[in-house]
Amino acid sequence: MGHWLMKSEPQTFGIDDLARQPHKTDHWDGIRNYQARNYIRDKMRVGDLAFFYHSNCANPGIVGIIKITRAAYPDLTAWDPNEKYFDPKSNPDDPRWFMVDVKLVRKLKRVISLHELKQHKALQDMSLLRRGNRLSIMPLTHKQWNYIVKLETN
DNA sequence: GCCAACGTTGGC
DNA sequence: GCCAACGTTGGC
């Protein structure tokens, strides 16, 4: 089973927005970066777990755990001119962008902040913490995943 | 195919 | 709002 970290801006789509959806499930659209696209399209599997990360906000950090419930399928918002992430160059016959469905497993008891994550030597290789890395979808090792889960109750 | 300009991300 | 990092675009 794979482990991931997925970033979203809470003012756009936060963990409480996901919690409000029917079955606490929604599609994760708007990925418009090729590296992130390749991860979800080629590596992400149904049943994989991911951390829900709030970015670009007052207290950036990990706020919950979600599960992948549907493997990558074309991101329909790429073809809708009214959508923020409309991409006129994406051809419906050869979809450029993909999305997955995710279900909220649970919110964490507390936010594990970016600041806190940076304090841990064991996590220094996480791409989230590497200088200049702005990927919105990134894989975690089992070790990193388990380490972070334990931080929740520290 | 190079590379400068430009746009976006995201922490601060 | 600033700015560093870096991906994309487009002229040549």
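Here is how names work: the chains are called A, B, and so on, in the same order as the sequence lines, proteins then strands, and each is numbered from 1. What you see below is based on every heavy atom in this structure, not just the backbone, and it leaves out hydrogens, waters and symmetry mates.
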What donor-acceptor contacts under 3.5 angstrom involve side-chain atoms of residues 100-118 of chain A, with partners at least two apart or in another chain?
residue: D101(A); atom: OD1; partner: Y73(A); partner atom: OH; Å: 2.6
residue: K103(A); atom: NZ; partner: H23(A); partner atom: O; Å: 3.2
residue: R106(A); atom: NH1; partner: E152(A); partner atom: OE1; Å: 3.3
residue: R106(A); atom: NH1; partner: E152(A); partner atom: OE2; Å: 2.9
residue: R106(A); atom: NH2; partner: E152(A); partner atom: OE1; Å: 3.0
residue: K107(A); atom: NZ; partner: D16(A); partner atom: OD1; Å: 2.8
residue: R110(A); atom: NE; partner: E152(A); partner atom: O; Å: 3.0
residue: R110(A); atom: NH1; partner: E116(A); partner atom: OE1; Å: 3.0
residue: R110(A); atom: NH2; partner: E116(A); partner atom: OE2; Å: 2.9
residue: R110(A); atom: NH2; partner: L151(A); partner atom: O; Å: 2.7
residue: S113(A); atom: OG; partner: E116(A); partner atom: N; Å: 3.0
residue: H115(A); atom: NE2; partner: Q119(A); partner atom: NE2; Å: 3.4

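At a threshold of 4.5 Å between non-hydrogen side-chain atoms, the residues M126(A) and L140(A) count as touching.
Taking every heavy atom of both residues into account, F13(A) and S8(A) meet most closely at O-OG, 2.6 Å. The heavy-atom pair separating M1(A) from H142(A) by the smallest distance is O-NE2, 3.2 Å.
Each of F51(A) and M99(A) belongs to its own hydrophobic cluster when Ile, Leu, Val, Met, Phe, Trp and Tyr are linked at side-chain heavy-atom distances under 4.5 angstrom. Residues I31(A) and L76(A) do not share a hydrophobic cluster, defined by chaining ILVMFWY side chains whose heavy atoms lie under 4.5 Å apart.
The residue among R96(A) and R134(A) whose nearest nucleotide of DNA chain C lies closer to the 5′ end is R134(A).
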Worked check of side-chain contact (heavy atoms from CB on, under 4.5 Å) between N56(A) and Q11(A): CA-CA 9 Å; N56(A) 199 19; Q11(A) 58 268 44; 4.2 Å; yes
Does the side-chain contact (heavy atoms from CB on, under 4.5 Å) test come out yes or no for M138(A) and N133(A), once each step is laid out? CA-CA 10 Å; M138(A) 66 190 73; N133(A) 194 296; 4.3 Å; yes
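Under the rule for a side chain to side chain donor-acceptor pair (under 3.5 Å), the partners of W79(A) that lie at least two apart in sequence or sit in another chain are S90(A).
Of the residues in residues 111-133 of chain A, those placing a heavy atom less than 4.0 Å from an atom of DNA chain C are R131(A), G132(A), in numerical order. Residues from residues 6-19 of chain A lying near DNA chain B, meaning a heavy-atom separation below 4.0 Å, are K7(A) in numerical order. Contact check of residues 51-59 of chain A against DNA chain B (heavy atom, cut-off under 4.0 Å) returns Y53(A), S55(A), N56(A).
Counting 5' to 3', DNA chain C first comes under 4.0 angstrom of a heavy atom of chain A and last does so at the ends given by dA4(C) to dT9(C).
Checked against the 6.0 Å centroid criterion, the rings of Y39(A) and W4(A) qualify as a close aromatic pair.
Ionic pairing of D75(A) and R37(A) is not present here: no N-O contact between side-chain nitrogen and carboxylate oxygen is shorter than 4.0 angstrom. Taking 4.0 Å as the cut-off between side-chain N and carboxylate O, D87(A) and R96(A) count as a salt-bridged pair.
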